A.B. asks: 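First the structure, then my questions, so here it is.
Reckoned from all heavy atoms, side chains included, excluding hydrogens, waters and symmetry mates. Just so it is clear: chains get the letters A, B, ... in the order the sequence lines come, proteins before strands, and each one is counted from 1. The shown structure was predicted, so the numbers you read here are calculated from the model rather than taken from an experiment.
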There are 2 protein chains.
Amino acid sequence: MKWQELGEKNCPVARSLSILGDRWTLLIIRNAFLRTCRFEDFQKQLGITRHLLSDRLNRLVEKNVFKKVLYQEAPKRYEYKLTEAGLALYPVMLVLTKWGNTWMNEDGSHPPLEYVHKPCGHKTSPELCCSECGEEIHVRDMMPLLDRLQDNAESPLTGISS
Amino acid sequence: MKWQELGEKNCPVARSLSILGDRWTLLIIRNAFLRTCRFEDFQKQLGITRHLLSDRLNRLVEKNVFKKVLYQEAPKRYEYKLTEAGLALYPVMLVLTKWGNTWMNEDGSHPPLEYVHKPCGHKTSPELCCSECGEEIHVRDMMPLLDRLQDNAESPLTGISS
DNA sequence: CTCTCTGCGTTCTAAAATGGAACTTACCGT
DNA sequence: ACGGTAAGTTCCATTTTAGAACGCAGAGAG
């Protein structure tokens with residue numbers, strides 16, 4: 001499969017990964033949530049090569065995850081800001097944070113990154129909940145709606161665990 | 001930065017991405033949630049080269065996302081099953097599904113992948129909620145606990161959007 | 001006016017990862 | 001003996017990436 005084809009798939013996971021699925025993109029977005037927004041800063045913080053950074057930022061602008069905002073005329077300089085689509089990736093960050101805290105810390109050598117939920121004031125662990133009943137979502141409780149074509153490579157994510 | 005260094009970072013997002021952050025890994029895991037568990041099936045469904053598939057499966061076994069389960073003696077054949085750590089990636093799948101449905105479908109050409117939450121019987125949209133108060137989580141409501149070292153490349157994810 | 005600095009890339013070459021196809025091994029059924 | 005199945009391995013051409021140097025357009029200092 002050519003990589004570019006992913007963006008055309010009917011599976012939304014495949015489409016998401018056509019943008020996010022590489023070694024640097026999600027790290028760049030992580031740092032954007034940390035308020036980094038300039039080329040030099042991304043480069044220094046991540047240690048990514050300038051070439052790749054330029055490439056990824058352009059792609060993310062093209063895909064509407066970042067927007068360029070002029071902050072200086074002559075020479076023109078832009079900040080890379082998260083768009084609405086980019087900000088909507090915050091759950092991805094939190095979910096990866098939680099997974100990394102729990103499962104990428106076998107020897108306990110890394111202190112977990114924890115958050116306080118300001119409105120209620122408690123240390124919180126984000127959970128995926130049903131928008132209708134509010135209950136926490138478990139793998140086997142989810143049933144995909146299958147009014148779609150189903151060839152092997154594009155079948156939707158089922159809710160049934162192995 | 002060497003890629004391998006990512007796994008040693010204090011940032012849990014970086015550690016998660018040290019396993020998940022490449023072109024194929026999350027697609028392989030997606031298909032595992034679709035109940036695929038054999039080499040040949042992954043290969044056919046994804047169109048990934050056998051070389052890479054072998055590589056990625058071994059890495060995921062090593063990192064405790066998959067476990068090998070013998071299903072045939074002589075010759076020994078194994079199925080690749082999600083471990084507890086692997087099953088814990090389900091929220092990642094759902095969050096990527098939701099993002100792809102919403103933001104990777106500009107022209108509306110892809111039908112959204114929707115789910116029914118069986119316990120309540122409604123079509124649902126998974127939301128990240130606070131484990132303590134149950135309210136939906138928004139970027140600006142989250143405050144990281146900063147009792148950790150904070151060098152540039154490893155500062156934790158703040159809750160403050162740009 | 002020259003000199004250096006900042007910010008953001010681009011260019012270059014070498015090293016690494018990937019794609020695609022053929023090959024291997026060990027068994028099974030007929 | 002022969003074809004089929006399952007899970008890789010091997011080989012080579014093509015792409016990507018890393019790392020460092022270079023380019024360029026101003027800004028500010030002397």
Side-chain angles (χ1 to χ4, degrees), chain A residues 1-7 9 14 17-28 31-32 35-62 66-81 152-153, chain B residues 1-7 9 14 17-28 31-32 35-63 66-81 152-153 162:
Chain A
M1 178 165 61
K2 302 270 173 58
W3 187 246
Q4 222 180 352
E5 294 171 29
L6 262 194
K9 294 280 183 193
L17 291 176
S18 75
I19 293 184
L20 307 174
D22 79 327
R23 289 188 157 69
W24 289 109
T25 302
L26 280 169
L27 284 173
I28 292 170
N31 282 38
R35 322 193 77 161
T36 302
C37 54
R38 296 189 185 181
F39 188 93
E40 289 296 312
D41 296 332
F42 281 115
Q43 201 276 317
K44 278 174 204 146
Q45 290 164 20
L46 292 170
I48 184 176
T49 60
R50 313 175 74 71
H51 188 27
L52 269 200
L53 178 57
S54 175
D55 208 73
R56 293 296 182 270
L57 287 174
N58 284 331
R59 190 211 306 243
L60 288 168
V61 167
E62 185 192 318
F66 282 127
K67 60 193 167 194
K68 289 169 82 163
V69 178
L70 196 71
Y71 73 91
Q72 175 190 296
E73 291 278 358
K76 296 207 174 199
R77 293 288 181 248
Y78 298 90
E79 296 190 321
Y80 294 87
K81 299 280 201 179
N152 270 335
Chain B
M1 178 167 62
K2 302 269 173 61
W3 188 244
Q4 223 180 350
E5 293 171 30
L6 262 194
K9 295 280 183 195
L17 291 176
S18 75
I19 293 184
L20 307 174
D22 80 326
R23 289 189 159 70
W24 289 109
T25 302
L26 281 169
L27 285 173
I28 291 169
N31 282 39
R35 323 195 73 164
T36 301
C37 53
R38 298 191 183 179
F39 188 93
E40 291 294 314
D41 295 333
F42 282 115
Q43 201 276 318
K44 279 175 203 147
Q45 290 163 19
L46 291 169
I48 185 178
T49 60
R50 313 175 72 70
H51 188 29
L52 272 200
L53 178 58
S54 175
D55 208 72
R56 294 297 183 269
L57 287 174
N58 283 331
R59 188 209 310 242
L60 287 167
V61 167
E62 184 191 321
K63 298 295 187 180
F66 282 126
K67 61 192 167 197
K68 290 168 84 164
V69 178
L70 194 72
Y71 74 91
Q72 176 189 123
E73 290 279 358
K76 296 207 174 199
R77 293 288 181 247
Y78 298 90
E79 297 191 323
Y80 295 88
K81 299 280 201 176
N152 270 334
S162 55

A.B. asks: Give a yes or no answer on whether the side chain of A:N58 reaches the backbone of A:S54 with a donor-acceptor pair at less than 3.5 Å.
C.D. replies: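 Such a contact is found between A:N58 side chain and A:S54 backbone.
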A.B. asks: In whole angstrom, what separates B:I48's CD1 from C:dT18's P?
C.D. replies: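 Checked: the CD1 to P distance equals 9 Å.
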A.B. asks: Between D:dT17, C:dG20, C:dT18, which nucleotide has the shortest distance from any of its atoms to the side chain of B:L52?
C.D. replies: C:dT18
A.B. asks: Would you say the side chain of A:I28 lies within less than 4.5 Å of the side chain of A:N31, judging by non-hydrogen atoms?
C.D. replies: no
A.B. asks: Would you say the side chain of A:Y71 lies within less than 4.5 Å of the side chain of A:R38, judging by non-hydrogen atoms?
C.D. replies: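 A:R38 reaches A:Y71 side chain to side chain.
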A.B. asks: OP1 or OP2 of D:dT17 versus the side-chain N and O atoms of B:R23: is any pair under 4.0 Å?
C.D. replies: yes
A.B. asks: Provide, to the nearest angstrom, the distance between the CH2 atom belonging to A:W24 and the C1' atom belonging to C:dA16.
C.D. replies: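 Atom-to-atom, A:W24 to C:dA16, this comes out as 14 Å.
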A.B. asks: Which letter, B, S or -, goes with each nucleotide of nucleotides 6-11 of chain D from 5' to 3', with contact meaning a protein heavy atom under 4.0 Å?
C.D. replies: BBBBB-
A.B. asks: Answer yes or no: is there an ion pair linking A:E79 with A:R35, defined by an N-O contact shorter than 4.0 Å?
C.D. replies: no
A.B. asks: Please give, in whole Å, the distance from D:dA18 C1' to A:D55 CG?
C.D. replies: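 Rounded to whole Å, this separation is 14 Å.
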A.B. asks: So, for A:A32 and A:F42, which heavy atoms are closest and what is the spacing to 0.1 Å?
C.D. replies: N-CE2, 3.9 Å
A.B. asks: Could you grab the distance from atom OH of A:Y80 to atom OG1 of A:T36, nearest 0.5 Å is fine?
C.D. replies: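 Interatomic distance, A:Y80 OH to A:T36 OG1, rounded to 0.5 Å: 13.5 Å.
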A.B. asks: Without decimals, in angstroms, what is the distance between A:Q43 CD and C:dT10 P?
C.D. replies: 14 Å
A.B. asks: Rounded to the nearest Å, what distance is computed from the CG atom of residue B:L53 to the P atom of nucleotide C:dA17?
C.D. replies: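 These atoms are roughly 17 Å apart.
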